[in-house]
Protein chains: 2
Amino acid sequence: MDTLETRELRYFLAVAEELHFGRAAERLGMAQPPLSRAIQQLERRLGVALLTRNRRGVALTGAGEVLLHEGRAALDAATAAARRTRRAGGADAPGGSGNRLVLAVKAAAAHDLLQKLLDAYAAQPDAAEIEVLPSGMCEQEEMLRDGRADVALMHAPFDSLAGFDSEELMREGQIAVLPAGHPLAARRTLTLAEVGDIPGLPLARWPRHGVYPPGPGPEIRDQTQLAQLIALGRTVTVFPESARSWLWAAHATVPVTDAPPVVTHIAWPPHSRSVALAGLIRTATGL
Amino acid sequence: MDTLETRELRYFLAVAEELHFGRAAERLGMAQPPLSRAIQQLERRLGVALLTRNRRGVALTGAGEVLLHEGRAALDAATAAARRTRRAGGADAPGGSGNRLVLAVKAAAAHDLLQKLLDAYAAQPDAAEIEVLPSGMCEQEEMLRDGRADVALMHAPFDSLAGFDSEELMREGQIAVLPAGHPLAARRTLTLAEVGDIPGLPLARWPRHGVYPPGPGPEIRDQTQLAQLIALGRTVTVFPESARSWLWAAHATVPVTDAPPVVTHIAWPPHSRSVALAGLIRTATGL
DNA sequence: GCCCTGTCATACCCGGCGGGTATCACCGAA
DNA sequence: TTCGGTGATACCCGCCGGGTATGACAGGGC
């Protein structure tokens, strides 16, 4: 009566994202007519218009926008429930809820901290097995939300901690990473404005939630590619200090004085009850 | 494949809470055999044992515990999606997502602050309609989670803000509320230890998440009952200072020096995108 | 020891509904 | 005008969710 079936949510989200019944149906692996009907039934059940089908395409109504956000959260929660339950499956120790934790980490970020954390936790007597799940740029949020991960290392202000519990682990400044031979590499400090306005050396751009910000610089896919482009003198970037651990000889670094500090947090879904997770958090905050 | 149907969640939660297939089926308004079968199918689909059916009753496995927590969150999210979408339904202003907000408030708490907030917000040019939803003691969390409310006033450390975004609005000390004639009413200050150990005047107990803490004092249902019992000299309590706004002539108050301060927050689900909500939060923090 | 009771599982049947195919109605562009 | 592309409608079918009847099994009372 007042709860939505996940099938309805899946269908609506597909249509709301594609804004096209045919493509949405294809994505769902079904035919278009039953999808149309399902959406109509959903609208009738809710007593609300979700989509406006006008000439040439489909658009979301206000209520449709709401359902797009809320529905995504609900669907993530449902798949998270399935995944976490499955993961807790093998371990049937009474009381304990699973002896394996999945930790999502941005690839090549906070490497030293991660190493220390894993070592310290593994030394605990009742340590669970930790699976490190490398993730893309801002993917940890999503992974925590849909249950692919149980806990994550996240970096404010890049990642949003909204909706998670978290503890601060480390705070560091940022540095500009330049080609070794560049004139500015001789400077003792730089400002964001200076780094962003180097003639012939545009700032690298990497995706935030799947989209690249506008600008002249190259679009970065992974850290290796970024390192190479900098070494070749094609781009420049601003990174947390801990990036020094993966720099090449062909790189130079200069502190950026007015860049906001990068704060590494350990974050987890707020309703978590696992003892293994509690142990990991305790270890992390005690470092 | 890797997502649970809300029907499955409803069924499992009913069984997990009742720990009895027959009663769970009755609560769900269905017969017992199909429920048994549905749970078996769920276990097979997940590849995980959720319940141990031994002689005389049912118990949760570790994985079952996990699904109990995660599933409740997922089901709440699904019903929240339905409710909020329905609520946004009437208002179909392009871009805007609904022009009505439901604000959950603990009955008779922070009355002055609430009055100021409502007045200030109503004075805004683009103010949405605010529906004030009175809630029980720790019910606001649940209401925000399952979509009955869009935003809430919550009181740390009584309510848990975990999983919500929030802003601090007010911080206040606590006072002991005593019968007017009581000897201790003449004191200038009291400590928690003193209030908790008054001969013949036990501390009132009110429910935290549905259960009453143990103790000799009376179990309180609502504020009026509490006020009456105090006036009659049957109990005593410690309350935030703002409780003064609803006290009777037969009550006396004494500051409690070592009670933790009570912090009133405005809290909302972290993924909210509504402009009306943003306006209310701006108004609240600007008070 | 018996039977009886309470519990969950099994067996079987049926109706509804979710999904498929074929087709229509509509609009915009050539 | 016609044609391509869109979503909606019509109709059919098979599956599965739900019901009833019954079984299996373990305790507790007499």
**OP:** For atom CD of A:Gln32, decide whether the heavy atoms of other residues, nucleotides or ligands shown that lie under 6.0 angstrom number more than 12.
**Re:** yes
Original post:
Between B:Pro33 and B:Ala38, who's closer to the 5' end of DNA chain D by nearest nucleotide?
Top reply: B:Ala38
**OP:** Give the C-alpha distance, both sets of side-chain angles, the deciding distance and a yes or no for side-chain contact (heavy atoms from CB on, under 4.5 Å) between B:Leu51 and B:Phe21.
**Re:** CA-CA 11 Å; B:Leu51 301 165; B:Phe21 279 80; 4.0 Å; yes
Subject >> Spacing of B:Glu8 atom CD relative to D:dG17 atom P, expressed in whole Å >> reply: 8 Å
Original post:
Taking for each residue the nucleotide of DNA chain C with the nearest heavy atom, is it A:Arg7 or B:Gln32 whose nucleotide lies nearer the 5' end?
Top reply: B:Gln32
Original post:
Could you state the CG-C1' distance from B:Leu51 to C:dT7, rounded to the nearest angstrom?
Top reply: 14 Å
**OP:** Taking only the side-chain heavy atoms of B:Ser36 (C-beta and beyond), determine which of D:dG18, C:dA9, C:dT21 contains the nearest atom.
**Re:** C:dA9
**OP:** Determine whether any donor atom in the side chain of B:Arg37 lies under 3.5 Å from an acceptor atom in the base of D:dG18, or the reverse, and answer yes or no.
**Re:** yes
Original post:
In whole Å, what is the span from the CG atom of B:Leu35 to the P atom of D:dG17?
Top reply: 13 Å
Original post:
Tell me: CZ of B:Arg10 to P of D:dG17, nearest whole Å?
Top reply: 13 Å
Subject >> A:Arg234 atom CZ, over 12 foreign heavy atoms within 6.0 Å >> reply: no
**OP:** May I ask you to evaluate whether B:His20 reaches the phosphate of C:dG6, defined as a side-chain N or O under 4.0 Å from OP1 or OP2?
**Re:** no
Original post:
Rounded to whole angstrom units, what separation is found between the CD atom of A:Glu26 and the P atom of D:dT6?
Top reply: 11 Å
**OP:** Indicate whether any N or O donor in one side chain lies under 3.5 Å from an N or O acceptor in the other, for A:Glu70 and B:Thr85.
**Re:** no
Original post:
Between atom CZ in A:Arg44 and atom C1' in D:dA8, what is the gap in whole Å?
Top reply: 12 Å
Subject >> Residue B:Gln41, side-chain heavy atoms: nucleotide from C:dT10, D:dG7, D:dG17 that is nearest >> reply: D:dG17
Original post:
For the pair made of CD in B:Gln40 and P in D:dG18, what is the distance, rounded to whole Å?
Top reply: 15 Å
Original post:
Hey, is the main chain of A:Trp206 close enough, under 3.5 Å, to the side chain of A:Arg221 for a donor-acceptor pair?
Top reply: no
Original post:
In whole Å, what is the span from the CZ atom of A:Phe21 to the C1' atom of C:dG19?
Top reply: 16 Å
